[in-house]
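One structure is given below, encoded as structure tokens.
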Amino acid sequence: MQRLQDRVAVITGGGSGIGLATAHRFAQEGAKVVVADLDEEAGAKAAGEVGGLFVKADVANEDDVARMYRTAFEEFGSVDVAFNNAGISPPDDDSILETGIDAWRRVQEVNLTSVYLCCKHVIPYMRRQGRGSIINTASFVAVMGSATSQISYTASKGGVLAMSRELGVQFAREGIRVNALCPGPVDTPLLRELFAKDPERAQRRLVHVPIGRFARAEEIAAAVAFLASDDASFITASEFLVDGGISGAYVTPL
């Protein structure tokens, strides 16, 4: 499919995981891809793989965010899709009883403030064009609670979900769609490391997924490509769950 032919898509956190898989999917669908990442080596490699443009950017820094979109616009003439995907989940973000204020603030800056900054700086380009699709990465934890909390991560993703809903409503009649992507657990290097370090804890997570496995990054990328495309032209201000049924399950099948 070529649903994104000649559209310009900016992906934050595009050097690895879901961002990298989405860069590949967008390129396959005809988009001109701008990969933004703080990791210069991974970001440049990803951009090279998809014939795109790499921009080194700290998404928690407003000047970097403004430069990122300005570079995309100056290079390609438009910004049609913004996949605001960059985020962190550090080990010192734990129970509210254990998480310090520095860890709390760092996660909020990268996971929530960055999405605010990205939306703030990309929407003017989209308003000028009269169209655009913004996909903000939230999480299934934004819609359900966990007894093994990562308190700042969970709060940040709830913020992304609420902000996306509001922006989707505010700018709907200007042709700009804003949706919150809510992935379930995804098979990424971070999760594989968890399996290796603490198989019991990892298994306690897996048992709650009705499909019986974690998502592949490519499956999440497929959902992002759908939301970015005109196939999703009537979808905005939504929480788009791609979670293997975890948020809908009371018990899981044996």
Side-chain angles (χ1 to χ4, degrees), residues 4 7-76 79-91 93 106-119 121-122 133-139 153 156-157 160 181 183 185-194 196 214-225 227-228 242:
L4 304 176
R7 296 188 188 179
V8 180
V10 179
I11 302 171
T12 66
S16 62
I18 294 170
L20 177 59
T22 302
H24 281 272
R25 181 59 184 256
F26 278 5
Q28 290 164 10
E29 298 228 16
K32 299 171 183 176
V33 179
V34 178
V35 173
D37 207 292
L38 194 56
D39 185 331
E40 193 164 359
E41 184 178 348
K45 183 175 184 291
E49 289 173 357
V50 301
L53 175 69
F54 169 64
V55 178
K56 183 176 181 179
D58 176 356
V59 291
N61 181 292
E62 186 163 11
D63 290 340
D64 276 15
V65 170
R67 177 177 51 81
M68 175 179 74
Y69 290 119
R70 185 171 62 249
T71 301
F73 182 80
E74 290 174 352
E75 183 73 20
F76 297 116
V79 184
D80 304 294
V81 179
F83 180 33
N84 301 323
N85 166 71
I88 60 171
S89 179
D93 178 19
R106 186 168 72 257
V107 172
Q108 293 298 314
E109 282 290 302
V110 178
N111 289 8
L112 180 56
T113 301
S114 73
V115 175
Y116 150 77
L117 290 172
C118 287
C119 290
H121 285 280
V122 78
S133 175
I134 299 172
I135 304 103
N136 297 324
T137 298
S139 169
Y153 181 88
S156 72
K157 294 304 184 179
V160 169
L181 178 76
V186 182
D187 183 7
T188 61
L190 188 67
L191 201 61
R192 286 193 290 274
E193 184 181 356
L194 171 64
F214 296 131
R216 298 186 301 274
E218 291 75 17
E219 291 174 308
I220 307 301
V224 181
L227 289 172
V242 189

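By convention here, the first residue in the shown sequence is residue 1.
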> So, the side chain of N84 versus the backbone of I134: is there a donor-acceptor pair under 3.5 Å, distance only?
Replying inline: no
>> Quick test of your reading: applying side-chain hydrogen bond (donor to acceptor under 3.5 Å, both in side chains), list the pairs with at least one residue in residues 41-60, sequence neighbours left out, ordered by first then second residue.
In response: H24-E49, K45-E49
> Considering all heavy atoms of both residues, which atom of G17 and which atom of A217 are nearest to each other, and what is their separation?
Replying inline: O-CB, 4.0 Å
> Between R70 and R67, is a side chain to side chain contact (heavy atoms under 4.5 Å, CB included) present by the stated rule, with each step listed?
Replying inline: CA-CA 5 Å; R70 185 171 62 249; R67 177 177 51 81; 3.6 Å; yes
>> Quick check: closest heavy atoms across A9 and A31, and the distance to 0.1 Å?
In response: CB-CB, 4.5 Å
> In Å, rounded to the nearest 0.5 Å, how long is the span from CD of E62 to OG of S114?
Replying inline: 12.0 Å
> Hey, does V8 have a side-chain heavy atom less than 4.5 Å from the side chain of V81?
Replying inline: no
> Under the side chain to side chain contact (heavy atoms under 4.5 Å, CB included) criterion, do F26 and I11 qualify, and how do the steps go?
Replying inline: CA-CA 10 Å; F26 278 5; I11 302 171; 3.8 Å; yes
>> Nearest 0.5 angstrom please: C118 SG to M68 CE, how far?
In response: 4.0 Å
> Heavy atoms, side chains only, cut-off 4.5 Å: are L112 and Y116 in contact?
Replying inline: no
> Looking at V33, I18, L227, which hits side-chain contact (heavy atoms from CB on, under 4.5 Å) with F83?
Replying inline: I18
>> Does any part of the side chain of V224, heavy atoms only, come nearer than 4.5 Å to the side chain of R25, both counted from C-beta?
In response: no
>> Within this structure, what is the CZ-OG1 distance for the pair F54 and T71, rounded to the nearest 0.5 Å?
In response: 11.0 Å
> Backbone N or O of R216 within a donor-acceptor pair of the D187 side chain at under 3.5 Å?
Replying inline: no
> If you take all heavy atoms of A46 and L20, which pair is closest and at what distance?
Replying inline: CB-CD1, 3.5 Å
>> Looking at every non-hydrogen atom in both residues, tell me the closest pair between K157 and S139 and how far apart they are.
In response: CG-CB, 3.8 Å
> Would you say the side chain of V79 lies within less than 4.5 Å of the side chain of V10, judging by non-hydrogen atoms?
Replying inline: yes
>> I need the minimum non-hydrogen distance between D37 and S16, along with the two atoms involved.
In response: OD2-N, 4.4 Å
> Just wondering, do Y153 and P90 contact through their side chains at under 4.5 Å, heavy atoms?
Replying inline: no
> Given N85, which of T12, T137, T22 fulfils the side-chain hydrogen bond (donor to acceptor under 3.5 Å, both in side chains) condition?
Replying inline: T137
>> Given 3.5 Å as the limit, does a donor-acceptor pair link the side chain of D64 with the main chain of V59, or not?
In response: no
>> Looking at every heavy atom in both S133 and A228, which two are closest together, and how far apart are they?
In response: OG-CA, 3.5 Å
>> Quick check: do N111 and I88 have side-chain heavy atoms less than 4.5 Å from each other?
In response: yes
> Taking the side chain as C-beta and beyond, is there a heavy-atom pair between T113 and L117 under 4.5 Å?
Replying inline: yes
> How about V55 and V35: do any of their side-chain heavy atoms sit closer than 4.5 Å?
Replying inline: no
> Can you tell me how far NZ of K32 sits from CG of D80, rounded to the nearest 0.5 angstrom?
Replying inline: 9.0 Å
